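What follows is one structure encoded as structure tokens, with my remarks underneath.
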Protein chains: 2
Amino acid sequence: MSRRTISHEDGAIYEFTPGLEAVDTVEPGTELTIETRDSLDGAVQTESDVIESIPEEVNAATGPIAVEGAEPGDVLGVEIEAVRLAEDRGRVITIDGFGLLDGDEDIEAPRTRITPVDGDSEDDSEPTIAFDDLEVPVEPVIGTIGVAPAAESYTTLVPHDHGGNLDTTDVTGGNTVYFPVFQEGAMLAMGDCKAAMADGEMCGTGAEIATEIDVTVDVISATDAAVDLERPLVETADAWKPIASAETLEAACELANRDAVDLLAAEHGFDDTDAYLFSSLTGGLEISQVVDPLVTVRNAIPKEYLSSPF
Amino acid sequence: MSRRTISHEDGAIYEFTPGLEAVDTVEPGTELTIETRDSLDGAVQTESDVIESIPEEVNAATGPIAVEGAEPGDVLGVEIEAVRLAEDRGRVITIDGFGLLDGDEDIEAPRTRITPVDGDSEDDSEPTIAFDDLEVPVEPVIGTIGVAPAAESYTTLVPHDHGGNLDTTDVTGGNTVYFPVFQEGAMLAMGDCKAAMADGEMCGTGAEIATEIDVTVDVISATDAAVDLERPLVETADAWKPIASAETLEAACELANRDAVDLLAAEHGFDDTDAYLFSSLTGGLEISQVVDPLVTVRNAIPKEYLSSPF
């Protein structure tokens, strides 16, 4: 099967709604290349382009893509093969009213810094972005990725059980993200990529950049899952990580740990208490982002202790 | 200089107060071995020993140890050379009213699971602890470590700017922790070690265990520091991490990120806004613990971007 390309020009959404209409329909197992704009739709090209307030439309997510046979209760697997940068610069910005240190008198907002992409030229070095004379390795992140939600609608600024603006560094090439399917066809969309991002995304952005993303989509029948997946789950090289978003980090930690307890209990025949005790010994809670309208954490379970729940 | 041993029988505290009296006084550069009890003072030896409620005295910290020449405004460096397990079992427990999932109807409290120490015997394998038939690598953590605070007193259940119950996995052999000195002699004390602990310490404990800790203490003059250290800072093999505790994870994240901004600004001559933008591109926020009366996070800054501030 040849790789199919879906561009932001084919369609992009700024809101995940239950009634999304697909720009394309693909079979499970289809290899896709998804082209995404930067989260600010190209509005920031130089350091004099500043963003005064969060735009009404932000984090354009290319899609949605219907996957044949995906029914509510199933799981959508999105294997991310690669995230390639598609422009020569990223941008990291402050916006008044947004970010972890918003309101700190020494933090100026708005400000834009352009982070040029280097290092893909003469020598064999890994690509980097530059911030002044500092070089940061390119480690791309898909900031917004999700499916049509069950009942509520969520703008692409918000993360929730359908995914959305998860801003999770593990959502990158080499990893697979699993989503609950709430609507027929699942309706996958993604965008808002970064060339690099710290866990936390403290100022409110990473180095926002356009990309081409290679993914393969798969549908897992509800009957083949060891647990009822209620929220996104990411598989990395060495861990499984339930991802949870909530009003506070504490509430998100509770959800992510509860999901980890369910996975460990199903795998080992533990009751929930033993699974909880075991979850406190290895891996653990990680911060995804602390700046969006809901905040996001994950609970890493090393693969030594958990096989695929699907 | 021969290594000096200080045992919990020499002295241990359950509260960090401004007016601590030293059990011993040592010169900067002294190599110490500090013997610690488990956080529950040996009360839990089998799975039938359960803890109904948090004891009034918990997390005994061996010490305090005065360091000659340490004056308020200085920095105390504690190089942790090794943390060795000093008994054949750890214990991981739930306590009613404590822990991330406290109140969840499927979580039983109190419960105790004993985690025997294995793997240090015939073969060359790394030591592990056992939980049922699962083996977890021994990766010790010093849960409680700190100095006499400035004005308030804090029980050894509470983390704050003086350190205390930080429950931070990076506080382990091979790393160095730096504390602000608030009182003459600094008054170092530590205990509450774990054979292994997840980031988050979700159930409220790791595998609590007695240890012998090798450390070397050092005093850094305020005039030799690039920043005014207000809170603990840990140096790992690859990062510097300010550690902050507060009522909420969000508030702790703000403090830790603010400290990271100060360190990056001092190193690179950035203004605070550029340091903040840069901090959002690499490393990032990490969860230490989400269960103590104040919660704790850290902000990792890779060493490529930060030299020693001392």
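Values below: every heavy atom of this structure, side chains too, minus hydrogens, waters and symmetry copies. From a predicted model like this one, the values you see are computed outputs, not experimental measurements. In what follows, chains carry the letters A, B, and so on, assigned in the order in which the sequence lines appear, proteins first and then strands, with residues in each chain numbered from 1.
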Who wins among [options] for the most heavy-atom pairs under 4.5 Å with chain A?
options	result
B:L100, B:V136, B:V92	B:L100
B:D271, B:D133, B:T248, B:T205	B:D271
B:E304, B:K194, B:H268, B:E139	B:H268
B:I107, B:I93, B:N299	B:I107
B:A300, B:G200, B:S279	B:S279
B:V297, B:T94, B:D199, B:T273	B:T273

Next item on the list: Pick whichever of A:T169, A:I129, A:D104, A:L249 has the most heavy-atom pairs under 4.5 Å with chain B.
Entry: A:L249
Check: Quick one: are A:P242 and A:L263 in side-chain contact, heavy atoms under 4.5 Å?
Finding: yes
Check: Going through the distances and angles, do A:V58 and A:N165 end up as a side-chain contact (heavy atoms from CB on, under 4.5 Å)?
Finding: CA-CA 10 Å; A:V58 72; A:N165 194 14; over 6 Å; no
Check: Which word best sums up how the rings of B:F131 and A:F270 line up, parallel for under 30°, tilted for 30 to 60°, or perpendicular for over 60°?
Finding: perpendicular
Next item on the list: Check the pair B:N59, B:L157 against side-chain contact (heavy atoms from CB on, under 4.5 Å), reporting the backbone distance first and the verdict last.
Entry: CA-CA 7 Å; B:N59 298 343; B:L157 189 64; 4.1 Å; yes
Checklist line | Distance-minimising heavy-atom pair for B:L166 and B:H160 | finding: CD2-O, 4.3 Å
Which atom pairs, one a donor and one an acceptor, fall under 3.5 Å between side chains of residues 281-289 of chain A and the rest of the protein, sequence neighbours left out?
from: A:E286; atom 1: OE1; to: A:K241; atom 2: NZ; distance (Å): 2.8
from: A:E286; atom 1: OE1; to: A:R298; atom 2: NE; distance (Å): 3.2
from: A:E286; atom 1: OE2; to: A:K241; atom 2: NZ; distance (Å): 3.4
from: A:S288; atom 1: OG; to: A:T168; atom 2: OG1; distance (Å): 2.9
from: A:S288; atom 1: OG; to: A:R298; atom 2: NH1; distance (Å): 3.0
from: A:Q289; atom 1: OE1; to: A:V291; atom 2: N; distance (Å): 3.0
from: A:Q289; atom 1: OE1; to: A:D292; atom 2: N; distance (Å): 2.8
from: A:Q289; atom 1: NE2; to: A:L294; atom 2: O; distance (Å): 2.8
from: A:Q289; atom 1: NE2; to: A:T296; atom 2: OG1; distance (Å): 2.8

Side chain, backbone, both or neither: which part of [X] has a non-hydrogen atom closer than 4.5 Å to chain A?
X	result
B:E135	backbone
B:T115	side chain
B:L134	side chain
B:Y305	side chain
B:E254	both
B:V261	side chain

Margin query: B:R113: which residues meet the salt bridge (Lys or Arg N to Asp or Glu O under 4.0 Å) condition with it, sequence neighbours left out?
Written below: A:D274, B:E47, B:D132
Notebook entry, point to check: Given that the side chain runs from C-beta out, which part of A:V295 has a heavy atom under 4.5 Å from chain B: side chain, backbone, both or neither?
Noted result: side chain
Checklist line | Contacting region of A:E201 [heavy-atom separation from chain B under 4.5 Å] | finding: backbone
Margin query: Using the rule given for side-chain contact (heavy atoms from CB on, under 4.5 Å), can you reason through B:E250 versus A:V290, listing the C-alpha separation, both sets of side-chain angles and the distance that settles it, and then say yes or no?
Written below: CA-CA 7 Å; B:E250 280 80 354; A:V290 298; 5.7 Å; no
Next item on the list: Look at A:R258 together with B:D106 and state whether they make a salt bridge at an N to O cut-off of under 4.0 Å.
Entry: yes
Next item on the list: Given side-chain contact (heavy atoms from CB on, under 4.5 Å), test A:V50 with A:T112 step by step and report yes or no.
Entry: CA-CA 6 Å; A:V50 298; A:T112 292; 3.8 Å; yes
